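These numbers come from a predicted model, not from an experiment. Just so you know, these numbers use all the heavy atoms, side chains as well, and skip hydrogens, waters and symmetry mates.
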There are 2 protein chains.
Amino acid sequence: MTVTIYDVAREAGVSMATVSRVVNNNPNVKPQTRKKVFEAIERLGYRPNAVARGLASKKTTTVGVVIPDISDSIVAEVARGIEDIANMYHYNIILSNADKKKDKEIRVINTLLEKQVDGLLFMGGVITDEHLDAFRTSSVPVVLCGTTDEGKLIPSVTIDHEQAAYDAVKLLIDQGHKKIAMISVTLKDPATGYARYQGYKRALEDAGLTLDEQDVRIGNYRYESGMEAMGYFLEQPERPTAVFAATDEMAIGAIHTIQDHGLRVPEDISVISIDNIRMASMVRPQLTTVAQPMYDIGAVSMRLLTKLMNKEQIDQTQILLPHDVIKRNSVAQV
Amino acid sequence: MTVTIYDVAREAGVSMATVSRVVNNNPNVKPQTRKKVFEAIERLGYRPNAVARGLASKKTTTVGVVIPDISDSIVAEVARGIEDIANMYHYNIILSNADKKKDKEIRVINTLLEKQVDGLLFMGGVITDEHLDAFRTSSVPVVLCGTTDEGKLIPSVTIDHEQAAYDAVKLLIDQGHKKIAMISVTLKDPATGYARYQGYKRALEDAGLTLDEQDVRIGNYRYESGMEAMGYFLEQPERPTAVFAATDEMAIGAIHTIQDHGLRVPEDISVISIDNIRMASMVRPQLTTVAQPMYDIGAVSMRLLTKLMNKEQIDQTQILLPHDVIKRNSVAQV
DNA sequence: CTGTTAGCGCTTTCAT
DNA sequence: ATGAAAGCGCTAACAG
């Protein structure tokens with residue numbers, strides 16, 4: 001039923017080894033023989049079995065990618081970067097959502113390893129010791145994508161979240177703002193959430209401003225939580241003149257809440273955030289934000305992984321990509 | 001170096017077959033033996049090799065998914081549905097972007113087939129005879145996701161795009177609109193673009209309205225093209241009082257262009273579209289649109305695929321999921 | 001309930 | 001430049 005390399009060999013009057021050579025572009029084949037083999041392949045409609053090849057060669061040319069939620073636009077953009085580079089190097093990608101749930105992440109990592117992926121890209125939540133263990137027992141390289149482990153043991157590519165937050169808040173300060181609220185995400189994640197909070201804090205401190213814990217609310221990355229947090233700020237006796245949101249989505253939620261209260265952005269309240277998702281320039285006012293190079297984070301981490309898989313010498317395994325503040329229309333002078 | 005089933009067998013003092021049985025949850029193993037084997041597995045840190053298993057069993061428990069661009073929010077949402085159900089049935093997913101390019105799609109399909117996926121989910125552009133050929137030579141089931149082939153030969157799950165468009169335009173008509181423009185997408189794709197155009201046309205006809213070809217512009221799915229198309233309509237001597245956009249993103253672009261011209265939505269011009277992406281409720285005014293159940297399209301097509309892979313009897317291989325008009329704030333009476 | 005034994009379809013020395 | 005043959009790690013009859 002299925003045609004194998006053996007069938008092709010017989011059809012072409014050569015040995016399996018020769019067929020294998022032509023299929024794998026081994027130059028040690030006489031052009032004439034090569035031609036015969038190709039013809040036989042064509043005639044039989046032979047399709048190499050990558051599973052058998054994987055077993056024999058111990059390479060699958062597929063990499064495992066664990067992500068939280070592909071329906072998140074940031075993740076999707078990173079995934080696109082990963083895919084493009086993977087494709088360029090002839091790797092396929094097994095994508096697995098793990099929703100930032102530790103147990104699911106561990107399970108998924110193991111499944112991927114069982115499938116004999118040649119490498120692993122991890123984009124998830126907090127990296128625990130259990131993760132580190134799983135990575136350690138992996139015989140294939142791992143790179144962290146958009147995050148880092150605290151000990152910086154695992155190769156990674158991300159941005160400097162602390163500095164990105166600092167830059168955002170600094171912009172507000174430079175515009176004369178003194179009462180700056182923050183809509184944060186969970187502080188439990190040292191690599192992202194907490195880092196952004198730290199950047200906020202440092203910027204305030206550098207400017208001699210005091211951080212009032214009443215001025216920071218914790219959201220959940222999403223639009224609605226931005227609305228909610230902003231609602232809280234608006235009820236306070238002394239309103240902030242500016243708010244820094246840890247994500248664009250929350251910033252857009254904040255903007256709408258401000259507008260719904262009959263106030264204007266940026267005239268009454270300025271809003272800035274981090275990410276630069278596509279939607280940032282599709283809302284009015286357009287969002288001023290610190291761009292995170294999502295596609296590149298994916299692309300560069302995949303590229304790094306290919307080098308690791310090839311056992312190339314790497315000079316730098318902790319890669320920090322530049323961020324960029326994008327001035328649009330949601331920030332004004334106080 | 002790597003520990004195999006044979007090592008476990010020796011360690012546990014049983015045969016490979018027995019180890020295989022316990023790993024695969026075959027009930028025909030004495031509890032005690034099972035325990036011994038599990039202990040050996042634990043001690044040795046054995047991880048089953050799914051590639052070897054795949055070769056021996058001719059099943060890989062992975063399905064191939066070809067998509068256009070994972071960074072598209074609709075595609076990402078569908079992908080999420082696919083992944084969730086795949087996960088539920090213990091399948092993994094190899095995701096491949098093909099950007100609606102025919103050649104790339106064909107290439108990707110073949111690669112996936114070489115990898116011996118147990119099934120294929122296809123979400124792409126126009127389905128040509130070449131696609132049909134590729135599907136035909138596939139020994140594994142295929143289902144189309146969010147589209148159909150013209151001959152309805154391949155199992156598929158999608159919505160009735162024609163009717164969805166009809167319903168959208170009908171709503172406008174019911175609100176008294178008579179001059180209704182359309183921002184379409186390419187008419188080259190019979191399953192989606194052209195179908196939506198047809199629905200627009202039929203709704204107008206049913207209402208005794210005449211379709212003026214000047215009232216339809218072709219966009220490219222995206223925000224900017226919606227802006228552009230709307231800009232065109234606004235320059236015409238007789239402006240439409242309502243516009244139907246084939247996608248939410250274009251509708252949002254149209255809304256902003258209208259607003260930028262100092263007009264109001266919906267007071268001056270009503271806007272409706274199809275999709276109901278997350279962003280639809282994150283813009284002001286919130287978008288009235290016909291919801292396409294993206295997650296379900298993914299989930300249901302994956303579910304259908306599992307049945308096909310199990311060779312279960314299927315009553316219905318052409319599945320049409322319901323759409324739903326979501327009334328928000330971008331449509332008003334004329 | 002358990003063990004033996006063929007493969008699964010390919011790559012990869014090693015000869016020639 | 002080509003072929004022979006030994007696996008890769010596992011499953012699946014089959015036998016007992």
Side-chain angles (χ1 to χ4, degrees), chain A residues 1-38 40-41 44-62 90 110-111 113-118 139-140, chain B residues 1-38 40-41 44-62 90 110-111 113-118 139-140:
Chain A
M1 165 77 221
T2 65
V3 11
T4 74
I5 200 174
Y6 178 76
D7 300 318
V8 177
R10 200 158 28 78
E11 173 82 10
V14 299
S15 72
M16 288 166 51
T18 299
V19 177
S20 175
R21 286 189 187 98
V22 349
V23 168
N24 292 295
N25 273 314
N26 183 319
N28 294 339
V29 181
K30 208 196 301 176
Q32 228 188 75
T33 316
R34 181 181 304 276
K35 183 151 166 291
K36 271 196 310 188
V37 172
F38 272 131
I41 286 175
L44 266 36
Y46 169 67
R47 197 155 23 209
N49 180 325
V51 171
R53 174 182 297 174
L55 183 59
S57 68
K58 295 172 165 303
K59 286 205 185 63
T60 55
T61 62
T62 109
H90 304 295
N110 282 316
T111 305
L113 260 16
E114 289 183 5
K115 297 237 168 171
Q116 312 300 119
V117 294
D118 294 337
S139 51
V140 300
Chain B
M1 167 75 225
T2 65
V3 12
T4 74
I5 201 173
Y6 179 76
D7 300 319
V8 176
R10 200 158 27 78
E11 174 82 12
V14 299
S15 74
M16 287 167 53
T18 299
V19 177
S20 175
R21 286 189 189 99
V22 347
V23 168
N24 292 295
N25 272 314
N26 182 318
N28 295 339
V29 180
K30 208 197 299 175
Q32 227 187 79
T33 317
R34 181 182 304 276
K35 183 152 168 288
K36 271 197 312 191
V37 172
F38 272 131
I41 286 176
L44 266 35
Y46 169 67
R47 203 158 14 214
N49 181 326
V51 171
R53 174 183 299 174
L55 183 58
S57 69
K58 297 171 163 304
K59 286 208 183 63
T60 54
T61 61
T62 109
H90 304 295
N110 282 316
T111 306
L113 261 16
E114 288 183 5
K115 296 237 168 173
Q116 311 299 121
V117 294
D118 295 337
S139 52
V140 299

Exercise for review: Grab the CG-P distance between N28(B) and dA12(D) for me, whole Å please.
Suggested key: 14 Å

Quiz: residues 22-30 of chain B side-chain donor-acceptor pairs under 3.5 angstrom, not counting sequence neighbours:
unit_1 : atom_1 : unit_2 : atom_2 : d
N24(B) : ND2    : S20(B) : O      : 2.8
N24(B) : ND2    : S20(B) : OG     : 3.3
N26(B) : OD1    : N28(B) : N      : 2.7

Check your understanding: What is the distance from atom NZ of K36(B) to atom CD1 of I41(B), rounded to the nearest 0.5 Å?
Key -> 13.0 Å

**Study point:** Y46(A) OH to T2(A) OG1 distance, which is reported to the nearest 0.5 Å
**Key:** 10.0 Å

Under-3.5 Å N/O pairs linking protein and nucleotides 7-11 of chain D:
unit_1  : atom_1 : unit_2 : atom_2 : d
dC8(D)  : O3'    : K58(A) : NZ     : 3.2
dC8(D)  : O2     : A56(A) : N      : 3.3
dG9(D)  : OP1    : K58(A) : NZ     : 2.9
dG9(D)  : OP1    : T2(B)  : OG1    : 3.3
dG9(D)  : N2     : A52(B) : O      : 3.3
dC10(D) : OP1    : Y46(B) : OH     : 2.5
dC10(D) : OP1    : N49(B) : N      : 3.1
dC10(D) : OP2    : I5(B)  : N      : 2.3
dT11(D) : OP1    : N24(B) : ND2    : 3.1
dT11(D) : OP1    : R53(B) : NE     : 2.8
dT11(D) : OP2    : S20(B) : OG     : 2.6

Check your understanding: Looking at CD of E114(A) and CG of N110(A), how far apart are the two atoms once the value is rounded to the nearest 0.5 Å?
Key -> 6.5 Å

Point to revise | Close side-chain approach of R21(A) and T18(A), heavy atoms under 4.5 Å | key: yes

Check your understanding: Taking the side chain as C-beta and beyond, is there a heavy-atom pair between T4(A) and N49(A) under 4.5 Å?
Key -> no

Check your understanding: Atom CZ of R47(A) and atom CD1 of I5(A): how far apart are they, to the nearest 0.5 Å?
Key -> 15.5 Å

Check your understanding: Which residues pass the side chain to side chain donor-acceptor pair (under 3.5 Å) test with T61(A), sequence neighbours left out?
Key -> K115(B)

Check your understanding: By side chain to side chain donor-acceptor pair (under 3.5 Å), which residues pair with T60(B), not counting sequence neighbours?
Key -> D118(B)

Point to revise | For chain A, the stretch of DNA chain C it reaches, first to last nucleotide, under 4.0 Å of its heavy atoms | key: dG9(C) to dT12(C)

Check your understanding: Axis-to-axis angle across the helix from dC1(C)-dG16(D) to dT16(C)-dA1(D), five pairs an end, to 10 degrees?
Key -> 30°

Check your understanding: How long is the gap from NZ on K58(B) to CD on Q116(B), to the nearest 0.5 Å?
Key -> 7.5 Å

